[in-house]
2 protein chains.
Amino acid sequence: MQVPCYECELRSCGLFKRITPDELGSINEIKREHLALPAGSEIIRAGDESPELYTLYAGWAFRFKMLADGRRQILNFLLPGDLCGLQAAMFDAALYGIEALTDVEICVLPRRKVWTLFDQKPGLAFDVAWLGAHSKSLVDENLTSVGCRTAAERVAALIVMLYKRLKLLGMVAADSSFEFPLTQQHIADALGLSLVHTNKTLAKLRRLGMFKLAKGRLTLANPRVLARVALYFDEEVPQRPLI
Amino acid sequence: MQVPCYECELRSCGLFKRITPDELGSINEIKREHLALPAGSEIIRAGDESPELYTLYAGWAFRFKMLADGRRQILNFLLPGDLCGLQAAMFDAALYGIEALTDVEICVLPRRKVWTLFDQKPGLAFDVAWLGAHSKSLVDENLTSVGCRTAAERVAALIVMLYKRLKLLGMVAADSSFEFPLTQQHIADALGLSLVHTNKTLAKLRRLGMFKLAKGRLTLANPRVLARVALYFDEEVPQRPLI
DNA sequence: CGGTTCGTTGAAGTAACTCAACGGCTGTGG
DNA sequence: CCACAGCCGTTGAGTTACTTCAACGAACCG
């Protein structure tokens with residue numbers, strides 16, 4: 001347990017709802033480990049029963065489903081502060097996989113202890129439910145993209161959504177640039193597009209001057225314009241709580 | 001409050017986790033009303049702040065998002081026993097709409113009272129979170145359909161999924177037939193297909209003998225075959241709890 | 001160096017879309 | 001009673017957005 005929850009950097013950036021020192025202490029008590037995993041690791045494997053709940057402390061990950069014939073759908077991307085495997089912990093088997101996109105660090109919370117903690121600190125139960133609902137709203141948004149938007153609109157929507165989330169995390173530089181570790185295959189699998197068409201769509205948006213992409217870093221020309229392309233009904237990302 | 005929770009028909013069909021009489025009594029206490037609404041009613045309007053949480057007692061509904069230019073994506077369908085507006089109740093504004101597909105009856109639970117109830121009965125908080133997670137898994141499945149499957153596979157997957165859910169509710173007859181109130185426009189909007197193509201795809205599956213559809217009732221020839229068409233990794237729908 | 005992964009581009013094919021028209025059914029109002 | 005409008009489903013024809021196939025260059029690594 002290298003990093004006590006008291007000193008969690010995620011907490012200090014104002015990301016989480018203020019929780020009582022009492023609650024924080026309880027979380028710290030059940031936190032079992034702080035693990036580092038390399039890019040490509042499977043954090044949760046579909047079909048496994050997962051005895052643990054994780055929070056992503058550093059790095060990127062993604063949640064996905066596979067079809068019987070091997071096609072893959074990326075459901076959403078996970079950023080620091082996100083819970084991994086809430087559903088998996090509530091059901092008996094995970095219905096999806098979670099893979100580390102970059103090197104990651106995760107905090108391990110034993111499932112049983114989390115549930116018993118709820119009995120003592122009901123406020124935390126609300127917060128966990130909140131995080132689950134937030135993550136669901138990301139999937140909703142992605143489904144809307146894949147179901148309704150054209151290829152260019154989907155790419156724009158994905159980038160804008162990541163931009164907004166990273167901005168809340170303080171991971172966007174002053175020039176509107178941020179780390180962008182996705183390969184084009186990831187983007188294709190998230191948006192329900194072929195690899196080739198994803199490439200051509202990205203090229204088109206780049207030629208239009210919507211953004212630059214070099215050395216794993218994406219620089220946005222103008223977030224508002226891109227949001228317009230994505231046809232957003234301008235809804236804001238809600239404020240976030242806990243863990 | 002015509003129907004006390006004690007006598008709830010949903011409860012009697014073994015659908016929900018056994019909860020203590022004490023918990024049940026608490027739910028009954030905060031239940032405010034039992035409302036009947038005609039088909040087409042908006043149960044939740046996107047953008048509204050919703051002071052209430054509902055449970056769908058009878059009838060069908062659907063949750064959807066609209067794009068700026070009017071395109072609609074149906075996120076998932078709601079059946080008796082499902083919660084309406086959990087996300088909406090946790091955030092300050094609903095990010096989606098919910099519309100009654102048939103005439104419906106809903107139980108009204110004032111939002112504030114639900115949260116305070118959690119403090120007294122933490123077990124219920126877990127159950128609500130469970131229901132939220134379950135609903136999310138439906139969206140995951142739908143996203144996988146829209147992102148990965150062909151039109152015929154999507155239609156098959158949708159029908160199989162509804163069949164499985166209705167079966168758990170005891171709403172499937174001995175001949176594998178069930179009420180099917182969706183118009184082709186609903187199916188199209190849920191699957192990210194055009195109306196015309198949805199029609200042609202349905203016709204094709206019908207010609208192949210996968211199912212019959214007449215007078216708002218769908219009869220499945222063989223659920224297993226349809227599941228095969230949908231390319232399911234045979235995952236079972238988990239057992240359900242509460243409210 | 002050769003192997004691997006990732007990005008790029010051209011060309012040909014197809015699944016799904018749009019447009020358009022029509023038939024059946026239901027409810028409404030003269 | 002018929003006339004008419006509105007909704008839903010159906011079908012044909014032409015178009016397009018996206019897919020698949022194939023090949024190649026750049027970067028990275030053992």
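In what follows, every chain begins at residue 1, and chains take the letters A, B, ... in the order their sequences are listed.
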### Message
Nearest whole Å is fine: how far is C:dT8 C1' from A:R207 CZ?
### Response
11 Å
### Rounded distance in Å - CZ (A:R71) to P (C:dA15)
13 Å
### Task
Nearest whole angstrom, please: distance from the P of C:dG10 to the NZ of A:K204.
15 Å
Under 3.5 Å, side-chain donor or acceptor atoms of residues 172-181 of chain A against the rest of the protein: list the pairs with distances, not counting sequence neighbours.
from: A:D175; atom 1: OD1; to: A:S177; atom 2: N; distance (Å): 3.3
from: A:D175; atom 1: OD1; to: A:S177; atom 2: OG; distance (Å): 2.8
from: A:S177; atom 1: OG; to: A:R217; atom 2: NE; distance (Å): 3.0
from: A:S177; atom 1: OG; to: A:R217; atom 2: NH2; distance (Å): 3.1
from: A:E179; atom 1: OE2; to: A:R217; atom 2: NH1; distance (Å): 3.2

### Query
What nucleic acid atoms does B:T150 come within less than 4.0 Å of, heavy atoms only: base, sugar-phosphate, or nothing?
sugar-phosphate
## Note on the structure
Counting primed atoms, P, OP1 and OP2 as sugar-phosphate and everything else as base, the B/S/- map of nucleotides 17-23 of chain C against protein heavy atoms under 4.0 Å is SBB----
### Task
For the residue pair B:E141 and A:K65, establish whether any side-chain heavy-atom pair is separated by less than 4.5 Å.
yes
#### Entry: Residues forming a side chain to side chain contact (heavy atoms under 4.5 Å, CB included) with A:A61, sequence neighbours excluded
A:I43, A:L56, A:L78, A:I98
### Message
Does C:dA15 have its OP1 or OP2 closer than 4.0 Å to a side-chain nitrogen or oxygen of B:R149?
### Response
no
### Query
Over how many whole Å does the gap from B:L191 atom CG to C:dA15 atom C1' extend?
15 Å
### Query
A:Q185: what forms a side chain to side chain contact (heavy atoms under 4.5 Å, CB included) with it, not counting sequence neighbours?
A:R72, A:T183, A:A188, A:D189, A:L195
### Message
Rounded to whole Å, please give me the gap between CD in A:Q185 and P in C:dT5.
### Response
12 Å
### Task
For nucleotides 25-30 of chain D, just jot down a letter per nucleotide in 5' to 3' order: B, S or -, based on protein non-hydrogen atoms under 4.0 Å.
------
### Task
Output the single nucleotide from C:dA16, C:dT8, D:dT10 whose closest atom is nearest the side chain of B:A151.
C:dA16
### Message
If the threshold is 4.0 Å, N to carboxylate O, is there a salt bridge linking A:D82 and A:R165?
### Response
yes
### Query
Considering residues at least two apart in sequence or located in another chain, which fulfil the side chain to side chain contact (heavy atoms under 4.5 Å, CB included) criterion with B:E153?
A:R71, B:R149, B:T150, B:L231
### Task
Take atom CG of B:L213 and atom P of D:dT10, then tell me their distance rounded to the nearest Å.
8 Å
### Task
Send over the distance from B:Q184 CD to D:dT11 P, rounded to a whole Å.
10 Å
### B:N199 side chain near D:dG9 phosphate (N/O to OP1/OP2, under 4.0 Å)
no
